[in-house]
Amino acid sequence: MRLLSFLVVLLLSVCFSACSGSKDEKEKDGALAPVGDSKPVAAEDLQFFIVSREVFAASCYECHNRAQGMIRGGIGTDVYEEVLENAQRIYQKTIVERTMPMNSSLTPRQYSLLKAWLEAGAPMKTELDYSNYDVEE
């Protein structure tokens, strides 16, 4: 009876420790990805050029780059109009399900940037504030 109780306690402790990870963490190569952001998302970062450079080029072009002929899932992330047309699918697969990119994961900064950009309506660019510069008219 003692042995059975010991085994049950041991089994439960193993199960609880295996299930205690945060829902925001994603396994990558057996290690949990960090949750915190390394660089906060600023309003001026919410434009296609920055998201394309920091997220799509770094993590998506290998499989989703129309210019290179790689359009898995029918989505190319190098053309703004195509990204905008597929924004709902990109959000679902990358932000909600966290199944993209395949066999990898976004960095906390990439995740936060992509999430904020998509939730802002995936703007092409933001208006730039030139008030701090001496601009000739």
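Reckoned from all heavy atoms, side chains included, excluding hydrogens, waters and symmetry mates.
When every heavy atom of Gln110 is checked against every heavy atom of Ala58, the shortest pair comes out as NE2-CB, 3.5 Å. When every heavy atom of Tyr111 is checked against every heavy atom of Thr94, the shortest pair comes out as CE1-O, 4.0 Å. When every heavy atom of Ala120 is checked against every heavy atom of Leu46, the shortest pair comes out as CB-CD1, 4.1 Å. Of all non-hydrogen atoms in Ile50 and Glu44, the two that sit nearest each other are CD1-O, 3.7 Å.
If you check the side chains of Gln92 and Glu97, you find a donor sitting under 3.5 Å from an acceptor.
Side-chain N or O atoms of Asp78 include none that pairs as donor or acceptor with a backbone N or O of Asn65 at under 3.5 Å. Arg89 contributes a side-chain N or O that, together with a main-chain N or O of Gly73, makes up a donor-acceptor pair within less than 3.5 Å.
Here the CG atom belonging to Leu118 is positioned 9.5 Å from the CG atom belonging to Leu84, to the nearest 0.5 angstrom. Between the CE atom of Met100 and the OG atom of Ser59 there is a distance of 12.0 Å, given to the nearest 0.5 Å. Summarising the geometry, atom CE belonging to Met70 is positioned 11.0 Å from atom OG1 belonging to Thr77; distances are rounded to the nearest 0.5 Å. Once rounded to the nearest 0.5 Å, the distance linking CZ of Arg53 with CZ of Phe48 reads 12.0 Å. Interatomic distance, Leu106 CG to Lys115 NZ, rounded to the nearest 0.5 Å: 13.0 Å.
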Where do Leu114 and Phe56 land on the side-chain contact (heavy atoms from CB on, under 4.5 Å) test, with the steps shown first?
CA-CA 9 Å; Leu114 182 61; Phe56 298 144; 4.0 Å; yes
CA sep, side-chain torsions, deciding dist, call: Val41, Arg109, side-chain contact (heavy atoms from CB on, under 4.5 Å)
CA-CA 8 Å; Val41 177; Arg109 162 70 180 171; 3.8 Å; yes
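When the shell of 6.0 Å around CD of Glu119 is examined, it contains more than 12 heavy atoms from other residues, nucleotides or ligands.
Annotation: side-chain hydrogen bond (donor to acceptor under 3.5 Å, both in side chains) contacts of Ser52 (sequence neighbours excluded): Tyr61. Shown here are the salt bridge (charged side-chain N to carboxylate O under 4.0 Å, His left out) partners of Arg72, two or more places apart in sequence or in another chain: there are none.
Side-chain contact between Val55 and Trp117 is absent, with no heavy atoms from C-beta onward closer than 4.5 Å. Looking at heavy atoms from C-beta onward, Met102 lies out of side-chain contact with Cys63 at the 4.5 angstrom threshold.
Applying the ring pair (Phe, Tyr, Trp, His ring centres under 6.0 Å) rule to pairs touching residues 81-104 yields nothing, sequence neighbours excluded.
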